[in-house]
Amino acid sequence: RRPRSQQLRSNVGRTLHLGYFRYMPESSELKVVVITADQIGSRQDSDRVPEALAATRKLRLGDGARKFARTAGDEIQGMVTDADAAIRVIEELTRLGGWRIGVGVGAVVRPVPRDVRAATGDAFVAAREALVAAHSAPQDLRVSGDDTEAAADLEAALWLLCALWRRRTDTGWETVAAAAAGRQQQQIARSLGITPSAVSQRLRASAYPEAEAGIRLAVRLLQRSLSV
């Protein structure tokens with residue numbers, strides 16, 4: 001049996017590894033993703049902020065993340081610590097339609113307030129810069145970060161993904177959601193009241209395999225930026 005001191009060191013090591021964001025020193029900085037989005041044409045449209053906030057709350061944003069909140073008028077902002085979750089947030093906002101998106105990758109000053117609107121750091125500045133630049137950008141989206149080459153690579157991947165996502169119909173999104181949940185085409189067909197052949201056609205028209213490959217690429221690019 002190991003001495004108690006060795007057991008404690010081992011347990012602490014596992015805890016620090018599993019809870020990286022929770023146990024870092026309070027005075028240090030975390031590298032995170034901040035997503036700031038504003039509603040396009042909000043003066044001519046109804047308030048879509050509640051719908052967007054509801055969509056983001058269905059996602060696990062990562063340890064130490066801060067949930068999305070309305071920052072001003074038609075704008076929302078959240079802090080995400082998981083690369084996959086960040087890409088899924090962008091996917092959800094694209095699915096809803098009518099959002100301009102700024103993605104900032106960088107540090108956030110600790111301790112991080114519970115309310116994202118009170119948080120500060122380079123990631124928040126980068127997200128604001130990206131949102132301003134998104135007004136004249138393809139797919140109404142820009143990425144900004146301290147590594148400009150990495151930001152440009154991620155931005156290119158996201159532009160391609162958004163172009164695919166925006167082609168999907170409501171029935172396409174419905175079918176893709178079922179497939180992404182791991183359901184077989186026979187099961188999807190029964191639940192939607194269509195034939196397996198129709199399921200296959202919908203997935204093909206929705207560029208499902210291409211988009212999933214693009215998501216994996218974007219996640220890897222973002223993970224690299226967060227780990228530097």
SB check Lys67 Asp115 (cutoff 4.0 Å): no
Common cluster, Phe124/Leu131, ILVMFWY with side-chain heavy-atom separation under 4.5 Å: no
Within 6.0 Å of CD in Gln184, more than 12 heavy atoms from elsewhere: no
Any Ser206 side-chain heavy atom under 4.5 Å of Arg167 side chain: no
Non-hydrogen side-chain atoms of Ile40 and Asp140 separated by less than 4.5 Å: yes
Co-membership, hydrophobic cluster, residues Leu59 and Met79, 4.5 Å side-chain: no
Nearest heavy-atom neighbours spanning Thr81 and Leu226: O-CD1, 4.3 Å
Sequence-distant partners of Arg224, salt bridge (charged side-chain N to carboxylate O under 4.0 Å, His left out), two or more places apart: none
CD/Gln186: more than 12 non-hydrogen atoms of other groups inside 6.0 Å: no
4.5 Å side-chain heavy-atom contact, Lys31 and Asp146: yes
Heavy-atom pair of closest approach, residues Ala83 and Gln223: CB-CG, 3.5 Å
Co-members of the apolar cluster containing Val176 [side chain, <4.5 Å]: Ile188, Leu192, Ile194, Val199, Leu203, Tyr208
Nearest-0.5 Å distance, NZ of residue Lys58 to CG of residue Leu53: 12.5 Å
Side chain to side chain donor-acceptor pair (under 3.5 Å): pairs with one or both residues in residues 168-177, sequence neighbours excluded: Thr169-Thr171, Thr175-Arg202
Under 3.5 Å side-chain donor-acceptor pair for Thr71 and Gln77: no
Same apolar cluster (I L V M F W Y, side chains within < 4.5 Å links), Trp159/Leu217: yes
Closest heavy-atom pair and its distance - Thr56, Phe68: OG1-CB, 3.6 Å
Residues which pass side-chain hydrogen bond (donor to acceptor under 3.5 Å, both in side chains) with Asp84, listed by chain and number, not counting sequence neighbours: none
Minimal non-hydrogen separation, Ile101 against Thr94, with atom names: CD1-OG1, 4.5 Å
Note, Glu92 side chain near Val89 side chain (heavy atom, < 4.5 Å): no
Test log, rule salt bridge (charged side-chain N to carboxylate O under 4.0 Å, His left out), inputs Arg48 and Asp38: CA-CA 10 Å; Arg48 305 187 67 179; Asp38 65 0; over 6 Å; no
Student check: side-chain heavy atoms of Ser191 and Gln187 closer than 4.5 Å: no
Separation between CG of Asp63 and CZ of Arg60, rounded to the nearest 0.5 Å: 7.5 Å
Close side-chain approach of Ile76 to Thr36, heavy-atom, < 4.5 Å: no
Criterion side chain to side chain contact (heavy atoms under 4.5 Å, CB included) on Gln139 and Leu158, from CA distance to verdict: CA-CA 9 Å; Gln139 306 302 322; Leu158 289 173; over 6 Å; no
Pairwise distance CD1(Ile90) to CG(Leu93) - rounded to 0.5 angstrom: 8.0 Å
Minimum heavy-atom distance Pro113-Ala118, with the two atoms named: CG-O, 3.5 Å
Non-hydrogen side-chain atoms of Thr120 and Val108 separated by less than 4.5 Å: no
CZ (Arg166) with more than 12 external heavy atoms under 6.0 Å: yes
Hphob cluster co-occupancy, Val143 + Trp165, side-chain heavy atoms under 4.5 angstrom: yes
Salt-bridge contact Glu155-Arg142 (side-chain N to carboxylate O under 4.0 Å): yes
Residue pair Val33 / Ala86: nearest heavy atoms and the distance that separates them: CG1-CB, 4.1 Å
Beyond-backbone contact of Cys162 with Leu141, side-chain heavy atoms, under 4.5 angstrom: yes
Salt bridge (charged side-chain N to carboxylate O under 4.0 Å, His left out) involving Arg183 - partner list, sequence neighbours excluded: none
Any side-chain donor near an acceptor of the partner, Arg100 and Gln39, under 3.5 Å: no
Val105 with Val80, same ILVMFWY side-chain cluster at under 4.5 Å: yes
Partners meeting side-chain hydrogen bond (donor to acceptor under 3.5 Å, both in side chains) with Arg88 (sequence neighbours left out): Glu91
Arg70 side chain vs Gly73 backbone, donor-acceptor pair below 3.5 Å: yes
